[in-house]
Amino acid sequence: MRTPVIAANWKMNTTIPEANNLVSQMKYKLNLMENIEIIICPPFISLSVIKELLKGTSIETGAQNMYSEKEGAYTGEISPQMLRGLCEYVILGHSERRFYFSENDDIVNKKIKSALMYDLKPILCIGESLIEKESNKTEEILSEQLDKGLHEIANNKDLIIAYEPLWAIGTGMAANGEEANITIKFIRDKMAQLWNKTTSDALRILYGGSVKSNNIIEFVSKPDIDGVLVGGASLKAKEFLNIANQIDNYQQ
Ligand code: 13P
């Protein structure tokens, strides 16, 4: 049995007071949900405030990125050592980092290795573009992202993989649940080859891209989809609670 995950990726949104306010509106209700693992990923500057706010709850936190080095002359970067204690998870390889900040699979690979060394659990994002999808390259692209991103990384059940097709992110054009399940099954089979079947059966693989309260069941009702990574809809307390609640109830 894999515990379903709902992760909120706030991206570059919320000031510290806004972050505080958003979590305050949701935390009591989220904490009552016993069948799901909840991860909030605010901007770096709000991590410590939110960690404090969530003390005594089962809600976890995640960073949205990090640098692979432990410390040093890397102006503007945040290291895994700095994140330790502030969050359990770290999102790595998000398509927006790959696109706007030229992160490639080798960089992502270094970051994953480094995160694991500091006991941070990576949420590895992979996904194909619309052009790649339309030219039937989805499986090839995902395979390559997994091969390179996880190069020389040993079996680890703490890894979460998020399948986020680029064409579904922030577009309101979510993937079809059936299709997403087929792709996520492909990812799971690929992980069985890369690592082994026992680990791949235990890995949580999420869907992300225009998830909302009106389509969540389409995803979490599928056997290979173990939860969701939510962007835009995670910035509205009522909407995020609604999504989380539906997943929590679905499992019972
Ligand atoms: P949206 O839910 O806004 O489409 O974003 C998805 C995403 O990128 C989560 O990481």
Side-chain angles (χ1 to χ4, degrees), residues 2-13 36-44 46-47 50-51 54 58-68 78-80 83-84 86-99 101 103 105 107-127 142 145-146 148-151 153 155-166 168-170 180 183-184 187-188 190-191 194-195 199-200 202-209 211 219-220 224-234 240 243-244 247:
R2 300 182 293 258
T3 306
V5 175
I6 180 167
N9 177 7
W10 289 1
K11 308 192 180 184
M12 197 177 71
N13 293 292
I36 54 175
E37 185 172 348
I38 303 162
I39 308 163
I40 310 266
C41 308
F44 285 131
S46 295
L47 266 175
I50 288 182
K51 191 79 202 157
L54 292 175
S58 58
I59 306 161
E60 298 168 300
T61 48
Q64 297 174 18
N65 178 37
M66 55 161 239
Y67 193 50
S68 45
I78 299 288
S79 81
L83 291 176
R84 231 179 179 174
L86 287 182
C87 56
E88 290 76 21
Y89 286 91
V90 55
I91 298 174
L92 294 173
H94 192 282
S95 62
E96 287 150 14
R97 301 245 21 120
R98 294 177 192 257
F99 183 76
F101 304 98
E103 281 192 15
D105 292 316
I107 295 175
V108 174
N109 178 250
K110 281 203 185 91
K111 291 186 174 188
I112 296 177
K113 284 178 179 157
S114 174
L116 290 171
M117 239 156 58
Y118 286 86
D119 298 321
L120 295 166
K121 302 177 205 171
I123 302 177
L124 166 61
C125 298
I126 57 173
L142 298 178
Q145 289 173 337
L146 291 171
K148 292 188 176 170
L150 296 173
H151 182 63
I153 293 175
N155 291 0
N156 196 319
K157 289 178 186 159
D158 285 338
L159 174 79
I160 291 180
I161 298 174
Y163 168 56
E164 298 204 308
L166 273 57
I169 296 179
T183 307
I184 286 179
I187 295 170
R188 198 177 299 287
K190 169 81 192 172
M191 289 310 297
L194 214 57
W195 288 352
T199 310
S200 116
L203 283 183
R204 270 90 58 83
I205 310 182
L206 317 182
Y207 166 77
V211 171
F219 298 108
V220 289
D224 275 286
I225 305 181
D226 304 312
V228 283
L229 181 53
V230 187
S234 70
F240 188 69
I243 297 171
I247 309 175

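The minimum heavy-atom distance linking Pro43 with Lys11 is given by the pair CG-O, 3.7 Å. Residue Asn156 comes nearest to Asp158 through the heavy atom pair OD1-N, 2.9 Å, listed as atom of the first residue, atom of the second, then distance. Residues Pro42 and Gly62 share a closest heavy-atom pair of CD-O, 3.5 Å. Between Phe44 and Asn65, the closest heavy-atom pair is CZ-O, 3.0 Å. Looking at every heavy atom in both residues, Cys87 comes nearest to Leu120 through O-CD2, 3.3 Å. Across Leu124 and Ile112, no two heavy atoms sit closer than the pair CD1-CD1, 3.9 Å.
Contact check for Leu92 versus Arg97: no side-chain heavy atoms found under the 4.5 Å cut-off. Between Ile161 and Lys190 the shortest side-chain heavy-atom distance does not fall below 4.5 Å. Between Val228 and Ile247, some side-chain heavy-atom pair lies under the 4.5 Å cut-off. Between Met12 and Glu96, the closest side-chain pair of non-hydrogen atoms is not below 4.5 Å. Side-chain contact between Phe101 and Ile107: absent, with no pair of heavy atoms (C-beta onward) separated by less than 4.5 Å. In this structure the side chain of Ile160 never reaches within 4.5 angstrom of the side chain of Glu37, judged on heavy atoms. In this structure, Tyr163 and Leu142 have side chains that are in contact, with non-hydrogen atoms separated by less than 4.5 Å. Residues Ile38 and Ser58 form no side-chain contact, since every pair of their non-hydrogen atoms from C-beta on lies 4.5 Å or further apart.
The distance from atom CD1 of Ile40 to atom CG of Leu47, rounded to the nearest 0.5 Å, is 11.0 Å. In this structure, the separation between CD1 on Ile184 and CG on Asp226 is 7.5 Å, given to the nearest 0.5 Å. The line from OG1 of Thr199 to CE of Met191 is 8.0 Å long, rounded to the nearest 0.5 Å. Distance check, rounded to the nearest 0.5 Å: CE of Met66 to CG of Leu83 gives 7.0 Å. Note that CZ of Phe99 and CD1 of Ile169 are 11.5 Å apart. Values are rounded to the nearest 0.5 Å. Atom CD1 of Ile205 is separated from atom OG1 of Thr183 by 11.0 Å, given to the nearest 0.5 angstrom.
Using a 4.0 Å cut-off between charged nitrogen and carboxylate oxygen, Glu88 and Lys51 count as a salt-bridge pair.
Remark: side-chain polar atoms of Ser234 are not paired, donor with acceptor, to backbone N or O of Phe240 under 3.5 angstrom. The main-chain N or O of Ile153 is found under 3.5 Å from a side-chain atom of Trp195 such that the two form a donor-acceptor pair. Between the side chain of Tyr89 and the backbone N or O of Ile91 there is no donor-acceptor pair closer than 3.5 Å. The backbone N or O of Cys41 lies less than 3.5 Å from a partner atom in the side chain of Gln64, making a donor-acceptor pair.
Under the side-chain contact (heavy atoms from CB on, under 4.5 Å) criterion, Leu166 pairs with Ser95, Ser129, sequence neighbours left out. For Lys113, the side-chain hydrogen bond (donor to acceptor under 3.5 Å, both in side chains) partners at least two apart in sequence or on another chain are Asn109, Glu152.
Just one of Arg98, Gln145, His151 meets the side chain to side chain donor-acceptor pair (under 3.5 Å) condition when paired with Asp105; it is Arg98.
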Let's go through Arg204 and Ile123 carefully: what are the C-alpha distance in whole Å and the side-chain angles of both, what is the deciding distance for side chain to side chain contact (heavy atoms under 4.5 Å, CB included) to 0.1 Å, and is it a yes or a no? CA-CA 10 Å; Arg204 270 90 58 83; Ile123 302 177; over 6 Å; no
